[in-house]
Amino acid sequence: MGQSIMFCGAAQTVTGSRHLISVEGHDILVDCGLFQGSRAESELNWKPFEVPPSEIEAAIITHAHLDHVGWLPVLVRGGFRGPAYATPATIGLAKISLPDSGRIQEEDAQHNRRHGRQDEHPDPLYTEEDAYAALRVLKPIHYDQMQSLPGGATFRFLPAGHILGSAFAEIYFANGERILMTGDLGRFDTPIIRDPAIVDHAEYLVIESTYGDRSHSKEDVVGKLESIVAEAAKSHAAVLIPSFSIGRTQELLYYIRQLQNAGKMPRMPIFLDSPMAVSATQLYADSVEEQDQDMKIALSENLSPLDPDGLILVRDREQSKALNARKGPFIIIAGSGMANGGRIVHHLLHRISDPNTIVVFTGYQADGTLGRRILEGAKEVRILGEQVPVRAQIEKLNALSAHAGQDEILSWLHGFKEPPKTTFLVHGEPPAQQALKAKIEQDLHWHVVIPSRDQKFDLG
Ligand SMILES: [Zn+2]
């Protein structure tokens, strides 16, 4: 029977990571992500899984972003009994992000029903309760700890440098060959967390390609943030920062703190309007196993690296709504990072038509998201069913990313001592994937495949 892999999601898209590995007839799912991009893509969340969930014997979750773990509640409700292995920090973050995701879906469904939106699903994809049920199948595995899998396979996690708890899954088959699943490949020298592990061998490699066609700008993030807040202070503007609650938000807080330490940050309130980000920030501060040297030093010196002066944590909705009446200057950091859900959507609806607003994007904006439309210069956008003109100033912190850029992917691949038999590119849009494939073929002469959704490959 041997081994095979089927790409059930994140195949020529950046969301919905779900890779089904079959070992001697035993199914192991690597990641169980939500599809979050365009409408057509998110519609896939409603489609039954490729095999009955009750037949999947184990899952491995590379990290806690919803496009990697956010569909687990549906899988569990459908009959998957676990275990789903993840690092302790990933489980810590999933305890925050999954119930939050269930809650948001319940609220959105309620909103759609109230506004009679026939074009939307009347029921949530899953509820907060479904999310809690999913948390019960998660089993913690530390980095480098070997764990057996069905079919005589074993695996271990290696640090991926992407977000807190993020890991590569290095899976060994009984025949001695291995497949390395990168999940999302992080970057070297980002603040707070450890760098990605260097890997020098795998017969098969599944690697993400979000930024396969470009390298990140070398722009000075702290410098650009400094000029944005200076401008906001001068014009009493509201700064809206759509931010991924996990990872990006903590990075932003870290940089704001650096500006303050350098005396370069005007005094203004910073509203962290995301209960999930509030809890995640606490976990970042507490997870010693995950932190890099600078973060450990800053903590040991009581520099509160993730707690800038003026930070106000907004937990409940009323407090969040009350911000509508507030005059600038101030900063609101809220999820989601691509403005396709979460409280930032309400702030954008309320303020994007006001020229005295600065919207600052902090990461990748997938095709089909509100963030992408705004960033591409739409003069008018549809938000929560309302057509609103865009008059706000739009900025982007270009150098911020939790994903390796093309040059960084290539230099990480150079760590391999010999080429994998096959390198599969996932988690990218087609132009990025084509560009990365060409680059790897040209520079390394490796065999590279871009799988399409539900395509299956024999491994050895
Ligand atoms: Zn991720």
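Along the sequence shown, the residues carry numbers beginning at 1. Indexing begins at 1, ligand by ligand and atom by atom, following the structure's order.
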Using a strict cut-off of less than 4.0 Å between a Lys/Arg side-chain nitrogen and an Asp/Glu carboxylate oxygen, indicate whether Glu50 and Arg18 qualify as a salt bridge. no
Do NZ/NE/NH1/NH2 and the carboxylate oxygens of Arg317 and Glu107 come within less than 4.0 Å? yes
Looking only at non-hydrogen atoms, find the nearest pair between Asp273 and Ser320 and report the distance. OD2-OG, 2.6 Å
Hey, do the aromatic rings of Phe457 and Phe424 have their centres closer than 6.0 Å? yes
Around Lys296, counting heavy atoms of other residues, nucleotides and ligands shown, do more than 12 lie under 6.0 Å from its NZ? yes
Validation row: Asp130, Val76 side chains within 4.5 angstrom (heavy atoms): no
Return all protein N, O or S atoms below 2.8 Å from the Zn ion (ligand 1), chain by chain in residue order. His63 NE2, His65 ND1, His162 NE2, Asp184 OD2
